[in-house]
Amino acid sequence: MKIFDTMAKKKRVFIPKEKGKVKLYVCGPTVYNYFHIGNARPFVFFDVVRRFFLYRDYEVTFVQNLTDIDDKIIAQAQKEGVDISQINQKYIQAFFDDTKALNIMPADENPKATEYISQMIKFLQELQEKGYAYESGGDLYFEVSKVADYGKLSGKKLEDLRAGARVEVNSAKKHPADFTLWKASKPGEPSWQSPWGAGRPGWHSECVVMSRDLLGESFDIHGGGIDLIFPHHENEIAQAEALSGERFVNFWMHNGFLNIQGQKMSKSLNNFFTARDILKKYDADVIRLFFLSKHYRTTIDFNEKIMHETKVAYENFLSALRSVDYSAKRQEIDSCGLLEEDVATFVIAMEDDFNTAKALAVLFGLAKLAKKQSASREIRYQAAATLVELGKVLGFFADLENQLKSVASESKMDGMEQKLLQLLLDYRNFAKSEKNWALADKIRDDLQNLGLRVVDTKDGSKIES
RNA sequence: GGCGACAUCGCCAAGUGGUAAGGCAAGGGUCUGCAAAAUCCUCAUCCCCAGUUCGAAUCUGGGUGUCGCCUCCA
C-alpha cells in the first residue's frame, strides 16, 4: 500500500503505527451553510479511503470534526436573524442528511469545537508555558519563529512569508505569520472565559486538540482539501509538535480542488452548487463516479456535460446487472464466486495511492463481461458478482434494488394515469398490428412530447423516463 | 515577488524507462416497420525543442501554455 504524503512530496509505503489499525482524521465542515459540491469531494473521497481500508481488514477509526464556532457562523446567524445555536443545529443536521444521501458512512466521531473549549484552553496554556505563545492586544498568538522547522509541510520559509506581499501587516504580531490561538470576543459574540479574557479559540487549535484526544498525539493519516495545507495544517503541526516533540501525523493526504466550468467556485461568480441541489438532479452514485473517475489529487471540473457523460457511463453498471437479472437471481449470483484476477487488479490500483480511475476500469470491464452474450452464464454471473462486490468497496450500489427497477416514470403516476397510459399503448399496438405506422408513430411522438419515451422491446412496449 | 502543480484521441481520464487502460462522443455491422434500446467491431504515439539511453508519454535542460497556494475557501 502506497500513499502520497504531502510532507514527503512523494508516495510512501503505508505502515500503520499500530498493526492492522488505521487512525484517520479529516477536516470537517464549518457549519454555517449547506455544503457545496466542492466540499463533497473530500467527503466522498475519504469515505472511499476508509471503505478500502475496511475492505482490506483494517480496523479504522475515522474522526471528522464539526467547526461550530467561527466568524462565518456568527455572520450567518446575523444574516438569518437567529441565534448561533440555531444555525449550528440546522446546518449540522443538513451535513448529516446530505452526507447520508451521498452514501458516506457516518464518522466514528464527529467532535464539535464547542465541546472542546476547556481542553483547548488547557492546551493553549501549555503552549504559553513552554514559550510558544504570547499575548498581544487581548489575543493569544503562536510564535512561529520558535519552531525550527516551521513551513515543512507547505515548503514555505519564514523569510518568504515575511516578504510575501499578501501577508497583512499586523502590528500586534511579532511575525506576520504568527497565528491566532485565542481571539478576544467583541460584545454580543459568543465567548468563553479564559486566562486571556473572554473570547474563543482559533481554528487551527481545534483540530489539534480533538485529534490528540481521540486519536493520540501521533496518528496515521490526516486529510483535507489542498487549500488547507497552508496555513491550517502547517499550523496544526507547529502546535502539536511543539508540545509532543513527536511527529504529529504520519501521512498527509490532500485532495485537489473542484472548479465549475473551468472557474474557481466563488460567491461573486454565483457558481455555487450545494450538494443537496446536485443530488436532486443526479443519483448519489453518479456524483461518486464523477469524483472517482479522476485521481483525487488533480483539479476536477464540474459541468453539465461531464455530469451527463458520467450518468451515461454509470448506466453501464446497471444495464450489466439487469442483463443477468441481478434483482431476481441475486442469491444465485452472489454465491457463484468472484473473478479473482479482476479483484487483484482492482486492489493493486487502489493500493497505489488510491488510483480510483484505474480501479474503475476494472468495473467497466466487469460490466462489459457480465453483458457479454457469448460468455458462459457462469462467467457472466461471476462478473456481475465481482462488479457488485468491488462497486461496494467504492461506495456504490447502496440503493441497488431501486436502481435496477427501470421504468422510473410509472412510479410517479397514479392508478388512473397508468391505466390511461396502458390504454394508449394498447391502441398503438393495435395500430402496429394493422401496419398503421403513421398512427403508431404519432402516438409515440405525442407521448414523447409529454416526456414519456416509448421503447419497443421483444417483451412489448415500455415507457422509459 | 516567493513556493508549487499540471500539459496524453473531439471531450473526460489511467499510464513514472520497454513499446499508449477505461468512459463519453463518433463511424460501421446485427437486430427492428421506423426509431430507440440492446449487441458486436473500429478509433491517439502522448504541447514544442534539445539531450541521456539499446529503448522515453514516462528521466534531464530549455521554451510555451494552463492552474493553485502565500487571505481561518474542501
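Worth saying up front: this structure is predicted, and the values here are computed from it rather than measured. In what follows, every chain begins at residue 1, and chains take the letters A, B, ... in the order their sequences are listed.
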Select one nucleotide: of [options], the one nearest the side-chain heavy atoms of [X].
{"X": "A/Lys432", "options": "B/G33, B/A74, B/G15", "result": "B/G33"}
{"X": "A/Met265", "options": "B/C69, B/A74, B/U39", "result": "B/A74"}
{"X": "A/Asn255", "options": "B/A74, B/C70, B/G33", "result": "B/A74"}
{"X": "A/Asp441", "options": "B/C34, B/G2, B/A74", "result": "B/C34"}

Ring geometry between A/Phe396 and A/Tyr314 (parallel below 30°, tilted from 30 to 60°, perpendicular above 60°):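 Aromatic pair A/Tyr314/A/Phe396 classed tilted.
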- request: Could you measure between the two P atoms, the one in B/C47 and the one in B/C12, and give it in whole Å?
  value: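 Going atom to atom, P in each nucleotide, I get 14 Å.
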task: Pick the C1' atom in B/G18 and in B/U45, then give their distance to the nearest Å.
output: 14 Å
- prompt: Within 45° of the axis and under 6.0 Å from the centre of the six-membered ring of A/Phe230, does NZ or CZ of A/Lys156 qualify?
  reply: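 The answer is yes, since A/Lys156 meets both limits relative to A/Phe230.
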message: Does the structure place the NZ or CZ of A/Arg212 under 6.0 Å from the centre of the six-membered ring of A/Phe123, at an angle of no more than 45° from the ring's axis?
response: no
- request: Verify whether the ring centers belonging to A/Phe291 and A/Phe43 lie closer than 6.0 Å.
  value: no
field: ring pair (Phe, Tyr, Trp, His ring centres under 6.0 Å) partner of A/Tyr91, chosen from A/Phe96, A/Phe35, A/Tyr32, A/Tyr34
entry: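 The residue from A/Phe96, A/Phe35, A/Tyr32, A/Tyr34 that satisfies ring pair (Phe, Tyr, Trp, His ring centres under 6.0 Å) with A/Tyr91 turns out to be A/Tyr34.
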Rounded to the nearest Å, what distance is computed from the [atom1] atom of residue [X] to the [atom2] atom of nucleotide [N]?
{"X": "A/Asp301", "N": "B/A5", "atom1": "CG", "atom2": "C1'", "value": "17 Å"}
{"X": "A/Tyr150", "N": "B/C3", "atom1": "OH", "atom2": "C1'", "value": "14 Å"}
{"X": "A/His295", "N": "B/G68", "atom1": "NE2", "atom2": "C1'", "value": "16 Å"}
{"X": "A/Phe230", "N": "B/G2", "atom1": "CZ", "atom2": "C1'", "value": "12 Å"}

- prompt: Quick one: on RNA chain B, does A/Ala440 or A/Ser154 contact a more 5' nucleotide (nearest heavy atom)?
  reply: A/Ser154
Can you check nucleotides 16-24 of chain B for protein contacts, nitrogen or oxygen pairs under 3.5 Å, and list what you find?
from	atom 1	to	atom 2	distance (Å)
B/G23	OP1	A/Lys368	NZ	3.4
B/G23	O3'	A/Asn316	ND2	3.2
B/G23	N2	A/Glu309	OE1	3.3
B/C24	OP1	A/Asn316	ND2	3.0

query: Base, sugar-phosphate alone, or nothing: which one does A/Gly224 contact when heavy atoms must sit under 4.0 Å apart?
result: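 Answer is sugar-phosphate: A/Gly224 comes under 4.0 Å of backbone atoms only.
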